[in-house]
Asker: 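Handing you a structure now.
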There are 2 protein chains.
Amino acid sequence: MAQPKSASRAAGTRKRTRIQREKEEIILEAALDVFSTHGFRGATIDQIADHAGLSKPNLLYYFRTKEAMHRQLLDQLLESWLRPLHEIDAQGDPISEIQSYIGRKLELARDFPRESRLFANEILQGAPRIQEELVELRDLVEEKAQIILNWIRQGKLAKCDPHHLIFSIWSTTQHYADFDAQVTVVLGDAKKTKDRFEDAGRFLSQLYIGGLKP
Amino acid sequence: MAQPKSASRAAGTRKRTRIQREKEEIILEAALDVFSTHGFRGATIDQIADHAGLSKPNLLYYFRTKEAMHRQLLDQLLESWLRPLHEIDAQGDPISEIQSYIGRKLELARDFPRESRLFANEILQGAPRIQEELVELRDLVEEKAQIILNWIRQGKLAKCDPHHLIFSIWSTTQHYADFDAQVTVVLGDAKKTKDRFEDAGRFLSQLYIGGLKP
DNA sequence: GTAATCTTTGACCAGTTGGTAAATTTTTGA
DNA sequence: TCAAAAATTTACCAACTGGTCAAAGATTAC
């Protein structure tokens, strides 16, 4: 007999079997595909099951609800999402710290566009399922905003509002993942993804060096 | 007897009655609310009907399908959406042309956030319903990119990729509408919307003046 | 080998969804 | 005023939705 109580508790404490680990990974991969392009409400369990090549009841054996899949994806996402901001070093050179922050964010947008869109969908729809996590994000932003303010006070950076500086970096970098459909039409299919991100990196580098030099 | 064929053809050629004009406006207003927060697939006709204070069949008397409402919203949107870019004047002063373009885009984000989110939702989901319209957008971008390139050749603007310049302006300005839920958490509820957009305007002004001056 | 456990499936269900049909009520124009 | 047109409502439907259940099939540990 099935034991959904333990098996489907993906983040459970009981040790998971090999099959559990494999199937859960397959399911999350499929769920990421579907959630990131249709949003939570627009996605259906059947779609995810199709993508995963599993039956619907089989999916629900590993994750008790659609929301459980969504939640686990978001939880996994947020950690890696905040890491680049975390890595900003108060001891480093301000301009190059910000440059490499932009570089790391661009890499994330290039290598994990689905994750970016999953997050964008959630925020766009009012962030109903990640209010708590956003508080964590706010605290991290506050911490880094203070570092930036100190840099400004020390005359190492042009005077500016650090919050809006961070917002602008988020938006310009994530734009290439979230609005990929638009970017592709404007630049033409011919432009390869790799070139596109290199061009973007050059442009943003120049923009922020010019705009932030004291 | 009802004549859905003509009445529900919202953009029809037959002259519309007073009631038709009023109700269609009410419905589109409600549809904008719902579509912009849930996306096309996530929105239901019942929700829109509730928002509009009408019965579901009554809604479908004015718009034959859910898709018809969505399409009309997008059609109306795109014109006003492209206007700020249209207004960039090749004869004007480059830096101040770009400054006022940013200003106009920020105003749109402030005054029409739902429209911005409707558009964002559509692009995020791969722009399945507005591929044709995006081609129009591409041509306009190409035209303005040429103007910017000329400015650069004349030494009036720092050398940069005009496409990515436009992308960065789109993303930084629309961010305040599309990611409002996140911005509000980070800045705190206390910060009034008006102040927020003024701060953003100041920051972006500085960033682009510094980054684009030749 | 075999019993206990884990995995998968097919049949099913109640609620929701987009949309329809016909009858009724309201508005309009002569 | 009154009939034609327009607007609204009630009742309805088939397809889809998230999710359940019990039974059958596959693995595992001894």
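Chain identifiers are assigned alphabetically (A, B, ...) following the order of the sequence lines, protein sequences preceding nucleic acid strands; residue numbering begins at 1 within each chain.
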Asker: Between B:Glu97 (side chain only) and B:Asp89 (backbone N and O only), is there a donor and an acceptor less than 3.5 Å apart?
Answerer: yes

Asker: Please evaluate the base of D:dG19 for a donor-acceptor partner in the side chain of A:Lys66 within a cut-off of under 3.5 Å?
Answerer: no

Asker: Write down the distance between CZ (B:Arg21) and P (C:dT27), rounded to a whole number of angstrom.
Answerer: 16 Å

Asker: Reckon B:Asn58 has a side-chain N or O less than 4.0 Å from the OP1 or OP2 of D:dA7?
Answerer: no

Asker: Taking A:Asp33's backbone N and O only, do any of them form a donor-acceptor pair with A:Thr37's side chain (distance below 3.5 Å, no angle check)?
Answerer: yes

Asker: Pair A:His163, A:Glu142 - check side chain to side chain donor-acceptor pair (under 3.5 Å), show working.
Answerer: CA-CA 8 Å; A:His163 295 102; A:Glu142 221 48 57; 3.1 Å; yes

Asker: Is B:Ser55 touching bases, backbone alone, or none of the nucleic acid, heavy atoms closer than 4.0 Å?
Answerer: base

Asker: Between C:dG10 atom C1' and A:Tyr61 atom OH, what is the distance in whole Å?
Answerer: 17 Å

Asker: Nearest to the side chain of A:Arg41, heavy atoms from C-beta on, is which of C:dG19, D:dT17, C:dT17?
Answerer: C:dT17

Asker: Mind calculating the distance between NZ (A:Lys23) and P (C:dC6) to the nearest angstrom?
Answerer: 15 Å

Asker: Is the shortest distance from a Lys or Arg side-chain nitrogen in A:Arg114 or A:Glu29 to a carboxylate oxygen in the other one below 4.0 Å?
Answerer: yes

Asker: Kindly assign one of parallel, tilted or perpendicular to the pair B:Phe179 and A:Phe119, based on the angle between their ring planes and the thresholds 30° and 60°.
Answerer: tilted

Asker: Starting from C1' on C:dA11, measure out to CG on A:Asp46 and report it in whole angstrom.
Answerer: 15 Å

Asker: Could you tell me whether the side chain of B:Lys191 and the main chain of B:Thr184 form a donor-acceptor pair under 3.5 Å?
Answerer: no

Asker: Rounded to whole angstrom units, what separation is found between the CD1 atom of B:Ile27 and the C1' atom of D:dT8?
Answerer: 12 Å

Asker: Closest nucleotide of DNA chain D for B:Lys56 versus for A:Thr44: which of these residues is on the 5' side?
Answerer: B:Lys56

Asker: Can you check the B:Phe63 CZ to D:dA7 P distance for me, whole Å?
Answerer: 13 Å

Asker: Just report the end-to-end axis angle for the helix from C:dG1-D:dC30 to C:dA30-D:dT1, five pairs per end, to 10 degrees.
Answerer: 20°

Asker: Does the side chain of A:Gln20 get closer than 4.0 angstrom to OP1 or OP2 of C:dT7 through an N or O atom?
Answerer: yes

Asker: For B:Ala43, report the nucleic acid contact type (base, sugar-phosphate, nothing); a contact means any heavy atom under 4.0 Å.
Answerer: sugar-phosphate

Asker: A:Leu60 CG to C:dA11 P: how many Å, rounded?
Answerer: 18 Å

Asker: Hey, what's the ring geometry for B:Phe167 with A:His175, parallel, tilted or perpendicular (30° and 60° as the breaks)?
Answerer: tilted

Asker: Report the distance from atom CD1 of A:Ile45 to atom P of C:dC12, rounded to the nearest whole Å.
Answerer: 20 Å

